[in-house]
Chemist: 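The structure is given below, and queries will be raised subsequently.
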There are 2 protein chains.
Amino acid sequence: MSSREDGLDSIDRRILEVLQKDGRISNAELADKVHLSASACHRRVQRLEKDKFIKGYVALVDPRKINRKTTVFVEITLSGQADEILSGFEKAVSLIPDVLECHLMAGSADYLLKVVAEDAEDFARIHRRHLAGLPGVQTLQSSFSLKQVRQTTALPV
Amino acid sequence: MSSREDGLDSIDRRILEVLQKDGRISNAELADKVHLSASACHRRVQRLEKDKFIKGYVALVDPRKINRKTTVFVEITLSGQADEILSGFEKAVSLIPDVLECHLMAGSADYLLKVVAEDAEDFARIHRRHLAGLPGVQTLQSSFSLKQVRQTTALPV
DNA sequence: TTATTATTCGAATAATCTTCGAAAACTTAT
DNA sequence: ATAAGTTTTCGAAGATTATTCGAATAATAA
């Protein structure tokens, strides 16, 4: 049985660890790595999918190869914190494909956005055309990333 | 031929679009969606992999299900900007599994980290045990995310 | 137009997934 | 401790999918 209250044992964790690194590993090879038969391993993966421990599988595209070299973090303060303002903002921001992440932050009613652009000029376009016009926005503060030192989607399990 | 200078045509882009949403779609179904035969589609995917447009395939794990409910952004200023200080810091920070992202930011010689923790108390542990002791660190400023409004790994293509 | 190259298709084979019943391991209650 | 019940495992068989290949088509250049 597991020590944490999530219903996963050490084999499940190892499976998640491997799949977070290689989502297309064959079931047979995965089974080898976790020391199970293919069928037993397959059943566990199915359970992890059914129970939504695994949200999905995705291909990761290299941003540099498709000309998205610029990452910008944008801090946004809204003009108020009424519920309609917040949810209006959240709904609108979710529709911008250049915005990869949006967090409601503690402290003030601030949002933090992670935006990808082709270059600084392209970010200016996104800023003007999409961000500045978001409903309820009071101030925008943009910070450019010069270099991605580390980037992973793998959570520690 | 493509309008952008990346050597991709509209079918390649559509393939990337689909694979960024579902990295485990069968080649036959993918071929359907982009209106190609299975073999032609397969060849294109192989090329996108070989040329590293696709960095890899991963399973996305739901942080809430494995008790990683807390996301914190940490701004770090270093005591100097000598090359050894920076690279020492970068090397060390890359080894911390709770740090999902680390960016060298423009402006001052600041780093921005995205950290996942079980809860605030667990973040305190990470802060003490891993972050505060990083080489060259002068100041740390942590900002907690209250709510993940949007989260995607899919770049616009 | 014609030669050349790149991309496509369809079919055949190879690899992989998925399901199933039976055996083993583990739990629980008596 | 043991027996009943439950869960997990294994191995084999069938179903699905990936991959390769030669021939045909389409695109490009001379």
Side-chain angles (χ1 to χ4, degrees), chain A residues 1-62 64-67 153-155 157, chain B residues 1-62 64-67 153-155 157:
Chain A
M1 189 44 65
S2 73
S3 51
R4 297 170 236 186
E5 294 314 311
D6 50 21
L8 301 181
D9 65 16
S10 64
I11 300 179
D12 292 324
R13 289 183 208 289
R14 181 88 181 105
I15 288 175
L16 291 179
E17 217 173 88
V18 173
L19 286 178
Q20 282 189 114
K21 284 193 232 146
D22 181 1
R24 271 207 157 168
I25 192 174
S26 79
N27 181 63
E29 197 180 339
L30 177 59
D32 271 359
K33 294 205 184 198
V34 303
H35 306 299
L36 277 185
S37 71
S39 58
C41 181
H42 183 257
R43 165 183 268 280
R44 276 172 183 264
V45 172
Q46 275 187 326
R47 210 203 66 208
L48 292 169
E49 290 168 352
K50 179 180 68 65
D51 295 347
K52 299 287 169 61
F53 286 94
I54 296 172
K55 283 196 293 184
Y57 299 87
V58 299
L60 297 178
V61 171
D62 187 339
R64 285 161 302 196
K65 299 287 281 185
I66 61 164
N67 200 24
T153 55
L155 303 171
V157 287
Chain B
M1 190 43 66
S2 74
S3 49
R4 295 169 238 188
E5 293 315 311
D6 51 21
L8 300 182
D9 64 16
S10 64
I11 299 180
D12 291 324
R13 289 182 208 290
R14 181 86 181 107
I15 288 175
L16 290 179
E17 217 173 87
V18 173
L19 286 178
Q20 282 189 113
K21 285 194 233 147
D22 180 2
R24 272 206 157 169
I25 191 173
S26 78
N27 181 63
E29 197 181 340
L30 177 59
D32 271 358
K33 293 206 184 198
V34 302
H35 306 299
L36 277 184
S37 71
S39 59
C41 181
H42 183 257
R43 164 182 270 282
R44 277 172 181 263
V45 172
Q46 274 187 328
R47 210 203 60 198
L48 292 169
E49 291 167 353
K50 178 180 70 62
D51 295 348
K52 299 287 170 63
F53 287 95
I54 297 173
K55 282 195 294 183
Y57 300 87
V58 298
L60 297 177
V61 170
D62 186 340
R64 284 161 304 197
K65 300 286 279 185
I66 61 164
N67 200 23
T153 56
L155 303 171
V157 286

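What you see below is based on every heavy atom in this structure, not just the backbone, and it leaves out hydrogens, waters and symmetry mates. Here is the naming used below: chain letters follow the sequence lines, and residue numbers restart at 1 for every chain.
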Chemist: For B:Arg43 and C:dG10, give me the distance from atom CZ to atom C1', rounded to whole Å.
Modeler: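 My rounded result for the distance is 15 Å.
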Chemist: Nearest whole Å is fine: how far is C:dC9 C1' from B:His42 NE2?
Modeler: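 Atom-to-atom, B:His42 to C:dC9, this comes out as 15 Å.
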Chemist: Students often get this wrong, so: under 4.0 angstrom with heavy atoms, is B:Arg44 touching a base, only sugar-phosphate, or nothing?
Modeler: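 If one applies the 4.0 Å heavy-atom cut-off, B:Arg44 turns out to touch the sugar-phosphate alone, with no base involved.
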Chemist: Give the rounded distance in Å between these two atoms: CG of A:Asp32 and P of D:dT9.
Modeler: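 Answer to the nearest Å: 15 Å.
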Chemist: When all nucleic acid strands are considered with a 4.0 Å heavy-atom cut-off, which category describes B:Ser39: base, sugar-phosphate, or nothing?
Modeler: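 Base: the residue B:Ser39, judged by heavy atoms under 4.0 Å, touches a nucleobase.
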Chemist: Could you say whether A:Arg24 or A:Ala40 is positioned toward the 5' end of DNA chain D, judged by the nucleotide with the nearest heavy atom to each?
Modeler: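 Going by which nucleotide is closer to the 5' end, it is A:Ala40.
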Chemist: Give the rounded distance in Å between these two atoms: CG of B:Asn27 and C1' of D:dA18.
Modeler: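 The distance from CG of B:Asn27 to C1' of D:dA18 comes to 7 Å, rounded to the nearest Å.
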Chemist: Please confirm whether any donor atom in the side chain of B:Ser37 sits under 3.5 Å from an acceptor in the base of C:dG10, or the reverse.
Modeler: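 For B:Ser37, whose side chain was compared with the base of C:dG10, there is no donor-acceptor pair (under 3.5 Å).
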Chemist: Atom CZ of A:Arg47 and atom P of D:dT9: how far apart are they, to the nearest Å?
Modeler: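 Whole-Å distance recorded here is 9 Å.
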Chemist: Just N and O in the side chain of B:Gln46: are any of them under 4.0 Å from OP1 or OP2 of D:dA18?
Modeler: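 So the side chain of B:Gln46 is outside the cut-off, no N or O lying under 4.0 Å from OP1 or OP2 of D:dA18.
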Chemist: Measuring from B:Ile11:CD1 to B:Arg44:CZ, what's the distance to the nearest 0.5 Å?
Modeler: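 Here the interatomic distance stands at 4.0 Å.
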Chemist: Could you tell me whether a side-chain N or O of A:Asp51 sits under 3.5 Å from a main-chain N or O of A:Phe53, the two making a donor and an acceptor?
Modeler: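 Looks like no, no N/O pair under 3.5 Å.
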Chemist: Quick check against the 3.5 Å criterion: does B:Asp6 have a side-chain atom that pairs as donor or acceptor with the backbone of A:Lys65?
Modeler: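 Pair absent, no side-chain N/O of B:Asp6 close to backbone of A:Lys65.
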Chemist: In Å, rounded to the nearest 0.5 Å, how long is the span from CG of B:Asn27 to CD1 of B:Ile15?
Modeler: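 Reported to 0.5 Å precision, the distance equals 8.5 Å.
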Chemist: Return the value, rounded to whole Å, for the distance between atom CG of A:Asp22 and atom P of C:dT16.
Modeler: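 Rounding to the nearest Å, CG of A:Asp22 and P of C:dT16 are 13 Å apart.
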Chemist: Given atom CD of A:Glu49 and atom P of C:dC17, what is their separation to the nearest angstrom?
Modeler: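 Result: 12 Å.
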Chemist: Give the rounded distance in Å between these two atoms: CG of A:Asp9 and C1' of C:dA25.
Modeler: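 A:Asp9 atom CG is separated from C:dA25 atom C1' by 14 Å.
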